[in-house]
Amino acid sequence: MATSFLISCPECDKQMKVMDQHVGKKVRCKSCENVFVVKQPKATAQPPTPPKKASPPPAKAVEVEKPKASSPHLDDDDDDSNPYQMIVEKEELPRCPFCAVELVSADAVICRECGYNMKTRQRPEVKVLLEHTFADKLNWYGLAIFYTFMLIVFIVWDAIFFVKIEGWLVDSVFIEEDGGGYVGGLRPGFWKLLMTAPLVVLAVPMVRYSYRRFFVQTIPDKKLENEGF
């Protein structure tokens, strides 16, 4: 039949009752949360009991109610609701060295609570990303919209120039006085080339920029908290 005995917590000296099958197992003190191993109590020698002496019979028998035995260390020990009773613990799992949370298994590599990596001894960098406002998106597309407008202006102006250049050269300083030809050979084709070449040079980077904004990366990158756009 299982028997019980008292043990003391090595940290707070709280005495608790445990069963003999708990010897050699780990227990946790409910008072201070200390975990220790239950040891077999040492047998104490009992002093010899002196022989009882015969006492004269009492003059009158009086029934006296015996008080219940009490101990300052055994208050409510027999009550199942005792908050300081010892609890036998199973073998504990390893804990995360960063946040001290119990891991899901002994072979776990990543802590689910804080993300700490047991092999690399590092935590992943945590970044707080913010949604972009309308002003951010307008800033993202603003220059591309301006470039697109300027490209349309260049095309329209170049088309007008191609049509009107010959008429503009009539009676100008670029026509010989006798009306026989153009001064220095500066024909309309030269002026068309002179006008178109710089427009093409400016248009190429503008087209590339606008194309990337409208078709390649249509949404701006997420911005970090406390970071400018």
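Predicted model, so just to flag it, every value in this text is computed and none were measured. Below, each value reflects all heavy atoms present in this structure, side chains not excepted, and no hydrogens, waters or symmetry copies.
- When side chains are defined from C-beta on, Y116 counts as touching R121, because their heavy atoms get closer than 4.5 Å.
- Two different hydrophobic clusters hold L143 and L138 under the rule that ILVMFWY side chains link at heavy-atom gaps under 4.5 Å.
- Interatomic distance, R187 CZ to E166 CD, rounded to the nearest 0.5 Å: 10.5 Å.
- Closest approach of C12 and C32 over heavy atoms only: SG-SG, 3.7 Å.
- M150 and L202 fall within a single hydrophobic cluster, where Ile, Leu, Val, Met, Phe, Trp and Tyr side chains are chained together by heavy-atom contacts under 4.5 Å.
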Show the numbers, then the answer: is there a side chain to side chain contact (heavy atoms under 4.5 Å, CB included) between Y209 and T148?
CA-CA 10 Å; Y209 182 89; T148 302; over 6 Å; no
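- Residues N34 and P10 meet the side-chain proximity criterion, which asks for heavy atoms closer than 4.5 Å.
- Side chains of Q217 and W140 form a contact here, defined as non-hydrogen atoms less than 4.5 Å apart.
- Taking 4.5 Å as the limit, some side-chain heavy atom of W157 sits within range of a side-chain heavy atom of M195.
- In terms of hydrophobic clustering, with Ile, Leu, Val, Met, Phe, Trp and Tyr side chains grouped at heavy-atom distances under 4.5 Å, I160 and I152 are assigned to a common cluster.
- Taking every heavy atom of both residues into account, R95 and E102 meet most closely at NH1-N, 3.7 Å.
- Cluster annotation: I155 is not connected to M206 through the hydrophobic network of ILVMFWY side chains, with a link wherever side-chain heavy atoms come within less than 4.5 Å.
- The shortest side-chain heavy-atom distance between R213 and Y147 does not fall under the 4.5 Å cut-off.
- Within 6.0 Å of CZ on F146 lie no more than 12 heavy atoms contributed by other residues, nucleotides or ligands.
- Scanning both residues, L151 and A203, for their nearest heavy atoms gives CD2-CB, 3.4 Å.
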Verify side chain to side chain contact (heavy atoms under 4.5 Å, CB included) between S31 and C9, making sure each step is shown before the conclusion.
CA-CA 9 Å; S31 177; C9 174; over 6 Å; no
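- In this structure, M118 and C96 have side chains that are in contact, with non-hydrogen atoms separated by less than 4.5 Å.
- Distance alone, capped at 3.5 Å, is enough to place a donor-acceptor pair between the D136 side chain and the T133 backbone.
- Heavy atoms only, all atoms of each residue included: V35 and R28 are closest at CG2-NE, 3.5 Å.
- Sparse packing is recorded around CZ of F149, with 12 or fewer heavy atoms of other residues, nucleotides or ligands lying under 6.0 Å away.
- Of the inter-residue distances, the one linking L199 atom CG with L194 atom CG reads 10.0 Å to the nearest 0.5 angstrom.
- Between the CZ atom of F98 and the CG atom of N117 there is a distance of 13.0 Å, given to the nearest 0.5 Å.
- Taking every heavy atom of both residues into account, C99 and C114 meet most closely at SG-SG, 3.6 Å.
- Within 6.0 Å of atom OH in Y211, 12 or fewer heavy atoms from other residues, nucleotides or ligands are found, so the atom counts as exposed in its surroundings.
- Residues V104 and I110 do not share a hydrophobic cluster, clusters being chains of Ile/Leu/Val/Met/Phe/Trp/Tyr side chains in contact below 4.5 Å.
- A heavy-atom distance below 4.5 Å is found between the side chains of P188 and L169.
- Side-chain contact between F5 and V38 is present, with at least one heavy-atom pair separated by less than 4.5 Å.
- Relative ring orientation between F161 and W168 is described as perpendicular, the plane-to-plane angle rising above 60° on a 0-90° scale split at 30° and 60°.
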